[in-house]
Undergrad: 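Structure incoming, see below.
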Amino acid sequence: MCLFPGCHCHLSVTEAVHCSAPFWASDWLKAYPCEREILVSIWRKMSQENHYRVRFAPSPTGHVHLGSARTALYDYLIAKQTQGQFILRIEDTDRKRLVEGAEEELMNSMRWLGIDWDEGPDKGGPYGPYRQSERKEIYQKFAHELIEKDMAYYCFCSSERLSKVRQEKQKDKQLPHYDGFCRNLNKAEAEERVKNGEPHVIRFKSPKQGTTVVHDLLRGDIVFENANLDDFILVKSDGWALYHLAAIVDDYLMKVTHVIRGSEWLPTSPLHSLIWQAFGWKEPVWVHLSVFLKPSGKGKMSKREAADLSNDGYSIFIKDLEDLGYLPEAVINWVALMGWSYDDHTEFFTLDDLVEKFSLEKLNPSPAAINFSKLDYFNKQHIKVLDDTDLGGRIQPFFEKAGYNVTIKDMEAIAPLVRDRITTLDDSVEKCAFLFKNSITHAPESLAIEGKTSQETHRIGEGALNVINRVSDWTIAVLEEKLTDYMNQNELTPKEFFSFLREAISGQRATPPLFDCMQVLGKERTIQRVEESLKLI
RNA sequence: GCCCCCAUCGUCUAGGGGACCAGGACGCAGCCCUUUCAAGGCUAAAACGAGAGUUCGAAUCUCUCUGGGGGCACCA
């Protein structure tokens with residue numbers, strides 16, 4: 001039944017909201033609740049005609065970093081929003097660069113972020129296999145089709161000759177491109193040489209005149225002079241297809257409608273466009289995302305700088321962010337807003353919010369510097385909205401990793417104490433470990449009350465111990481009441497007295513609120529710690 | 001060197017000819033609150049890269065320059 005006052009239509013809200021309504025639709029819904037049935041039927045129709053099929057196609061050569069995570073996120077969002085499919089495809093045609101375990105870590109990082117795929121190497125799907133290493137013959141077949149059409153050719157040049165050509169061209173300040181030595185070889189002759197087992201590659205026959213126009217969703221038409229295009233290699237001498245061929249054949253066969261990728265692909269996009277055209281296929285929508293710059297805004301993150309980052313407790317790798325105590329919700333929120341915005345003030349988004357509100361049109365094409373202090377901020381924001389059980393469950397592994405034997409009950413008890421005080425989950429250990437230690441130590445001079453002699457301090461401590469001993473109802477409110485009374489009787493300020501007690505029970509200057517800590521610590525251990533402290537005075 | 005992309009506070013951004021002496025957020029500084037640490041509230045400082053043009057009017061459109069970035073492999 002409708003939730004809008006005065007509206008008598010019969011659609012449920014979830015039905016309306018989950019019908020892949022575009023981001024503006026929810027506003028319409030608010031404005032015209034009675035028109036909902038009509039609106040919903042329009043959205044249904046639109047989304048049925050417009051299921052986006054998108055793919056995330058990483059090569060398993062290392063950790064998943066922020067840039068890939070963002071691409072995958074946008075892919076996921078647009079697929080969910082249009083009730084389309086998000087495809088995970090592994091681009092592992094370069095057998096030399098494979099990294100053991102990278103594919104598994106990649107999937108784990110994606111799952112941790114909550115970005116799940118509909119089709120992929122582990123799940124299968126109607127257009128598999130989804131690992132390029134299992135599709136070698138497919139690329140061969142399509143490469144030969146291009147040779148048939150005279151849009152590609154065999155090239156027998158050795159890499160030695162190639163690098164010589166390149167050097168000479170560079171010396172003459174020319175484009176360091178292939179000189180076309182094999183471009184016009186007699187086809188029958190070339191076939192013969194291939195049959196005889198002569199090493200060869202297959203090159204694309206790029207046009208030499210005219211221009212190629214690539215339409216990018218964010219940048220409009222981009223014009224390239226064909227004279228600047230190289231005869232790119234499509235198939236290597238080992239028979240494996242290169243990205244340029246493999247990705248395009250796969251995108252076509254997998255019916256990909258939108259290609260979202262980094263702007264480092266912009267320079268080769270005319271080549272890709274030409275290959276689509278050579279086959280006579282209709283190109284997908286091209287969306288080239290801006291690159292991420294290092295925090296200073298000066299250039300892309302280098303390997304060296306990525307390593308240096310970890311000294312500051314940051315990282316551009318998803319796996320590290322998890323270990324550092326960041327929430328996937330925060331990483332998603334943060335990364336989504338690097339290059340995309342919803343309006344001029346909304347910044348807090350859950351994954352579901354993003355599915356509803358994301359739109360490719362609002363993407364920003366300019367490069368963005370990575371800002372880790374904003375990640376810290378988002379992490380705090382997302383920690384704030386976690387309930388005790390959730391937060392407790394998330395901090396438990398960090399206590400265990402630090403060697404504390406804690407239960408989920410312990411963690412739920414301290415969840416409210418750390419919620420507003422931690423930036424990353426592992427901060428909770430530093431803040432609250434004293435509650436779980438068997439014994440604590442004090443710096444000798446720290447157990448003092450300013451302006452009091454040690455005899456006086458000891459007397460005040462004894463008195464406090466008596467008060468604590470007499471507390472039968474061990475709650476925050478009672479502790480506060482009794483101890484505040486005692487403080488007033490002794491004409492002490494809160495600062496003087498509570499700092500002393502804080503030090504006595506924790507061995508620290510700064511802790512979560514005193515009475516909360518005592519409450520979690522329990523009566524017995526509180527008394528024990530105060531007694532031990534008194535011995536030191 | 002050549003090709004391509006980009007250009008609003010330190011950073012992420014809103015803005016798409018008049019509503020802009022430019023709005024929000026992070027960070028920074030100050031104040032309030034306060035038993036510590038936080039959290040929260042309030043306030044401040046902080047930007048349209050430069051020059052031409054179009055226009056009654058330009059952050060917004062055009063051009064040039066400058067700056068920044070990306071790419072030029074039998075990597076992806």
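A, B, ... follow the sequence lines: proteins, then strands. Residue 1 opens every chain. Everything numeric here is computed off the predicted structure, so don't read it as measured data.
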Undergrad: Expressed as a whole number of angstroms, how long is the span from L245(A):CG to C75(B):P?
TA: 13 Å

Undergrad: What nucleotide among G70(B), G24(B), A76(B) has an atom nearest to a side-chain atom of K300(A)?
TA: G70(B)

Undergrad: Centroid separation under 6.0 Å, is that true for the rings of F348(A) and Y377(A)?
TA: no

Undergrad: Would you please indicate if the ring centroids of Y243(A) and H272(A) are separated by under 6.0 Å?
TA: yes

Undergrad: Once you apply the 3.5 Å cut-off to both distances, tell me the Watson-Crick or G-U wobble partner of U62(B), or none.
TA: A52(B)

Undergrad: Using the side-chain heavy atoms of K362(A), tell me which of these nucleotides is nearest: U35(B), A76(B), G15(B).
TA: G15(B)

Undergrad: If you only use heavy atoms from C-beta on, which nucleotide in U11(B), C37(B), U13(B) is closest to the side chain of A510(A)?
TA: C37(B)

Undergrad: How many whole angstroms separate atom CZ of R421(A) from atom P of C37(B)?
TA: 11 Å

Undergrad: OP1 or OP2 of C37(B) sitting under 4.0 Å from any side-chain N/O of K431(A)?
TA: no

Undergrad: Return the nucleotide paired to U36(B): Watson-Crick means purine N1 to pyrimidine N3 with N6-O4 or O6-N4, wobble means G-U with N1-O2 and O6-N3, both under 3.5 Å.
TA: none

Undergrad: Without decimals, in angstroms, what is the distance between R502(A) CZ and A38(B) C1'?
TA: 11 Å

Undergrad: Quick one: does NZ or CZ of R203(A) land under 6.0 Å from the six-membered ring centre of Y178(A), within 45 degrees of the ring axis?
TA: yes

